[in-house]
Amino acid sequence: MSVERSICPDIYHPAIARDGLLTRLRIPGGVLNELQCATIAQLLDTIGLAYVQVTNRANLQLRSIDRDLDSGLLTKLTECGLAASQTAIDGIRNVMLSPTAGIDARELIDVRPLAAAWLEYLDNHSELGELSNKFSVGFDGGGSVSILDRPNDISLLAVGEDKFSLYLSMGDRGHRPQPVGVDLTIEECLPMLAAISQCYRQGIKTIGGELRRPPRLRSVIRHFGLTEFGELVRREIAGSSRLIFKNRADRDATQVNEDVHLGVHPQRQSDRYYVGIVLLLGRATGAQVSGLGAIAARYGSGHIRLTPWQNVIVPDVKERDLQKVQELITDLGLVQTATHPSSLLRACAGMTGCQFSATDTQADAIALSEYLAAKFTLNLPLNIHFSGCDKSCAQHERADITLWGTENADRTGGSYRLEIGGVMGECGQETSDLLPPERVPIAIGSLIATYHERRIDARESFSAFINHQTSAQLQELLHVV
Ligand code: SF4
């Protein structure tokens, strides 16, 4: 196992972080079977970690590792499908599906076979290991749980029973991919993905020779321009003029509700339900991972699904078993409701793991979650985001409430700038005063109490409430803080 600094790590190439080695397990499609769940629990036990963390790519992250994973452990991970057998391509097995693929009552196409075919293509093309380890492909079946806002390099969105629309990442870091005016039949998808990947690889050779790390696909597209890059792709597959890439004026801005998968939902299959479960900051202990795997084996179809919102789903539960499953999930210390204060809480690595962080975002977020859970019953989801610096790694979109870590002027530590109501507006309202971490729970609690008192009715969301406040009222709200 070789260790490198400043890369997007994979299981064979961990990165050095502030708190030790950092590595990621690529979980294509976010699907874990019972054996894989048990293996992850054993891995945590062996290397002495309290928890694993689901990432916003529905992969798993291990941090604060104090030793190399030995070859025996790596072999075990490979044998149960938690690592690629070829070290070169482990990092690019970023295959994201809607976590409700195949069970979503509203989906147009079950994308699982297509994703499996893409994974097989990757397994047979080790030359694609030259791509950025962040290279990712998303498959969206057009159902109610969409991943279209996730910043994948390529996304395929089902727009009919045999039709996908092609989306490519072209904007800034963290921006969602945009449509390029090309529709594909199911049979055309794999050749298109292969052609884009191969042209991306050729493009890296053209522009990336001097760079330390391979550029992202968006940089290659920008270098050539979308039209020219599209022509390279079209030549690669000898495609018709129907496949010409176009800059579209009608950029996609559909709001994706990331909480819709939480709780109990009927599936497209009769008498089957899925249960969406909250993981606080994506964290799950070994006992929780193996426990969820066992629940899925006993009452579901033997697998769980990680979500790109750092949560997890247990699918395929019969109605008669729902109550038992929910009790077992509660026994594991996990909640299943979108209105729990943990459900839409996000935090980046923070100062324990990242040298750029001014604050301990993870600890501060957990302290806030505990405070809010003890004091409030929310009736609508609330998205709160802690970021250790302005890079916003944990959540690129605006949140209802954002706490931005900032170094104190006297360099005695860090505090937070508070931004509220960023969801509906271009930019939220910010406090000018800095908020010390220990005051965060009381300040946010006070803000939520005011929102509950003054909102029009219980159906008014926090962002809607903020959006109709006058400037004076907003200043007053921030003053309460
Ligand atoms: S947002 Fe900033 S502090 Fe947090 S992990 Fe990213 S770079 Fe580090």
Side-chain angles (χ1 to χ4, degrees), residues 25 27 30-34 36-45 49-56 58-62 99-100 103 145 258-265 267 272-319 321-347 362-363 365-379 381-384 394:
L25 291 164
I27 313 295
V31 176
L32 289 172
N33 61 33
E34 187 189 16
Q36 290 171 323
C37 289
T39 304
I40 290 162
Q42 285 168 15
L43 174 66
L44 292 178
D45 197 36
L49 293 186
Y51 60 85
V52 67
Q53 218 161 2
V54 180
T55 71
N56 53 15
N59 287 323
L60 289 174
Q61 177 167 280
L62 302 165
T100 54
I103 61 174
V145 182
E258 56 188 76
D259 57 307
V260 292
H261 64 286
L262 295 173
V264 175
H265 300 268
Q267 296 183 187
R272 291 293 184 278
Y273 295 80
Y274 71 84
V275 185
I277 303 157
V278 177
L279 300 179
L280 172 59
L281 301 182
R283 296 181 181 198
T285 63
Q288 287 170 335
V289 177
S290 60
L292 289 171
I295 292 170
R298 171 75 178 79
Y299 296 103
S301 50
H303 72 274
I304 61 172
R305 303 179 181 198
L306 309 177
T307 83
W309 303 281
Q310 298 182 273
N311 293 319
V312 65
I313 282 174
V314 176
D316 302 316
V317 179
K318 288 184 178 162
E319 186 165 8
D321 296 326
L322 266 177
Q323 190 180 345
K324 180 69 184 168
V325 165
Q326 290 189 277
E327 284 168 10
L328 290 171
I329 291 167
T330 304
D331 289 347
L332 289 172
L334 299 170
V335 297
Q336 305 148 46
T337 161
T339 52
H340 189 276
S342 304
S343 70
L344 298 184
L345 189 65
R346 307 277 180 265
Q362 294 263 319
I366 290 171
L368 175 63
S369 169
E370 287 170 353
Y371 179 87
L372 295 182
K375 297 254 178 203
F376 292 92
T377 303
L378 302 177
N379 68 323
L382 189 67
N383 179 204
I384 304 177

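By convention here, the first residue in the shown sequence is residue 1. We use all heavy atoms of the structure for the numbers below, so side chains are in, but hydrogens, waters and symmetry mates are not. Computed from a predicted structure; not experimentally measured.
In this structure a side-chain-to-backbone donor-acceptor pair under 3.5 Å is present from Thr330 to Gln326. A donor-acceptor pair is defined here as one N or O able to donate and one able to accept, closer than 3.5 Å; no such pair exists between the side chain of Glu370 and the backbone of Ala367. At distances below 3.5 Å, at least one donor-acceptor pair connects side-chain atoms of Asn383 with backbone N or O atoms of Leu344. In this structure, His303 contributes its side chain and Gly300 its backbone to no donor-acceptor pair below 3.5 Å. A donor-acceptor pair under 3.5 Å is absent between the side-chain atoms of Asn56 and the main chain of Trp309, judged by distance alone. The main-chain N or O of Tyr274 is never found under 3.5 Å from a side-chain atom of His261 such that the two would form a donor-acceptor pair.
Of all the heavy atoms in Ile313 and Pro99, the pair that sits closest is CD1-CB, 3.9 Å. The shortest non-hydrogen separation linking Thr339 to Ser343 is N-OG, 4.1 Å. For the pair Ala284 and Val289, the tightest heavy-atom approach, listed with the atom from each and the gap, is CB-CG2, 3.7 Å. Scanning both residues, Leu44 and Val52, for their nearest heavy atoms gives CD1-N, 3.9 Å. The minimum heavy-atom distance linking Ala38 with Ser290 is given by the pair CA-CB, 4.4 Å.
Looking at Gln362, Gln61, Gln310 one by one, the single match for side chain to side chain donor-acceptor pair (under 3.5 Å) with Arg283 turns out to be Gln362. Under the side chain to side chain contact (heavy atoms under 4.5 Å, CB included) test applied with Leu25, the options Thr39, Thr55, Leu60 reduce to a single match, Leu60. Each of Leu334, Val335, Ile329 was scored for a side chain to side chain contact (heavy atoms under 4.5 Å, CB included) with Val278, with one residue passing: Val335.
Within a 6.0 Å sphere centred on CD of Gln42, heavy atoms belonging to other residues, nucleotides or ligands number more than 12. Within a 6.0 Å radius of CD in Gln323, other residues, nucleotides and ligands contribute 12 heavy atoms or fewer.
Taking CG of Leu281 as the reference point, atom OG of Ser342 lies at 7.5 Å (rounded to 0.5 Å). Taking CD1 of Ile27 as the reference point, atom CD of Gln36 lies at 6.5 Å (rounded to 0.5 Å). Summarising the geometry, atom CD1 belonging to Ile40 is positioned 4.5 Å from atom CG belonging to Leu32; distances are rounded to the nearest 0.5 Å. Annotation: the span from Leu279 atom CG to Thr285 atom OG1 amounts to 9.5 Å, rounded to 0.5 Å. To the nearest 0.5 Å, atoms NE2 (His340) and OG (Ser369) are separated by 5.5 Å. Atoms CG and CD1, from Leu306 and Ile304 in turn, are 5.5 Å apart once rounded to the nearest 0.5 Å.
For the pair Leu43 and Leu62, the minimum side-chain heavy-atom distance is below 4.5 Å. Side-chain contact check for Val54 versus Val312: every heavy-atom pair is 4.5 Å or farther apart.
Residues satisfying the side-chain hydrogen bond (donor to acceptor under 3.5 Å, both in side chains) criterion with Asp316, sequence neighbours excluded, are Gln267, Ser301. The salt bridge (Lys or Arg N to Asp or Glu O under 4.0 Å) search around Arg346 returns Glu258, not counting sequence neighbours. In this structure Tyr299 satisfies the side-chain hydrogen bond (donor to acceptor under 3.5 Å, both in side chains) test with no other residue, sequence neighbours excluded.
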Checklist line | Criterion side-chain contact (heavy atoms from CB on, under 4.5 Å) on Ile277 and Gln288, from CA distance to verdict | finding: CA-CA 11 Å; Ile277 303 157; Gln288 287 170 335; over 6 Å; no
Check: When you look at Leu345 and Leu372, which way does the side-chain contact (heavy atoms from CB on, under 4.5 Å) test go after all the steps?
Finding: CA-CA 11 Å; Leu345 189 65; Leu372 295 182; over 6 Å; no
